[in-house]
Amino acid sequence: MSNWLLKTEPGEFSFSDLLREKKATWNGVTNNLALKHLRSFKKGDVVFFYHTGNEKSIVGLAEVVSNPYPDPNLNDGKLVVIDIKPKRTFRRKVSLSEIKSKKEFTSFDLVKNSRLSVIPVSDIIAALLLQLSEQE
DNA sequence: GCCAACGTTGGC
DNA sequence: GCCAACGTTGGC
């Protein structure tokens with residue numbers, strides 16, 4: 001099982017949208033590296049849900065509920081999508097500035113490659129993020 | 001196949 | 001609103 005981070009502009013699609021809709025298809029990814037990561041998704045993987053824009057925070061957890069499959073709305077086998085469902089909202093949002101301020105996260109692509117929208121999260125990073133999300 | 005010009009993303 | 005850091009496009 002792997003952990004991932006998905007970025008979204010909350011004005012386009014937010015975690016509360018996901019909570020309301022119960023399930024969403026993650027489409028629109030065209031960047032090569034992001035697509036490569038997306039193709040590695042597996043049913044049951046954990047997704048950290050990150051809001052860009054004003055928020056710049058990880059706001060909750062989702063779960064991957066499908067393996068990658070070609071976007072049914074497009075005629076291009078390379079452009080894959082996955083389905084996710086909400087898991088839970090973080091007790092406490094974990095902000096980008098907080099992540100940037102800690103040396104444990106210097107290897108994290110969220111910090112290193114700010115333009116990437118589908119980011120692998122190691123077990124170590126995942127555990128640290130969860131720990132931060134539970135802090136008072 | 002190189003690279004200049006242009007477009008996009010997202011943090012600041 | 002700016003711009004750094006990419007990615008993409010198209011002429012050569």
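Note on naming: letters A, B, ... go to the chains in the order of the sequence lines (proteins, then strands), and numbering restarts at 1 for each one.
If you check every strand for non-hydrogen atoms under 4.0 Å, A:K100 touches sugar and phosphate atoms only. Residue-level contact check: A:L96 touches the backbone only, with heavy atoms under 4.0 Å from sugar-phosphate atoms and none from bases.
Per the geometry, CG belonging to A:N113 stands 13 Å off C1' belonging to B:dG11, to the nearest Å. Going from atom CG of A:L6 over to atom P of B:dG10 covers 12 Å, rounded to whole Å. Note: CG (A:L79) to C1' (C:dT8) measures 15 Å, nearest angstrom. The CG atom of A:L116 sits 12 Å away from the C1' atom of B:dG10 (whole-angstrom rounding). For A:N31 and C:dT8, the CG to P distance is 6 Å, given to the nearest whole Å. Going from atom CD1 of A:I99 over to atom C1' of B:dG10 covers 15 Å, rounded to whole Å. Atom pair A:L33:CG and C:dG7:C1' shows a separation of 11 Å (rounding to whole Å applied). In this structure, the CG atom of A:L35 is 13 Å from the P atom of C:dG7, given to the nearest Å.
Close to B:dT9, at under 4.0 Å from its OP1 or OP2, lies no side-chain N or O of A:Y50.
Using a 4.0 Å cut-off between a side-chain N of Lys or Arg and a carboxylate O of Asp or Glu, A:E134 and A:K93 do not qualify as a salt bridge. Ionic pairing of A:R92 and A:E98 is present here: one or more N-O contacts between side-chain nitrogen and carboxylate oxygen are shorter than 4.0 angstrom.
Judged purely by distance below 3.5 Å, without hydrogens or angles, the side chains of A:D123 and A:N3 pair a donor atom with an acceptor atom.
Below 30°, between 30° and 60°, or above 60°: for A:H51 and A:F49 the angle between ring planes is above 60°, a perpendicular geometry.
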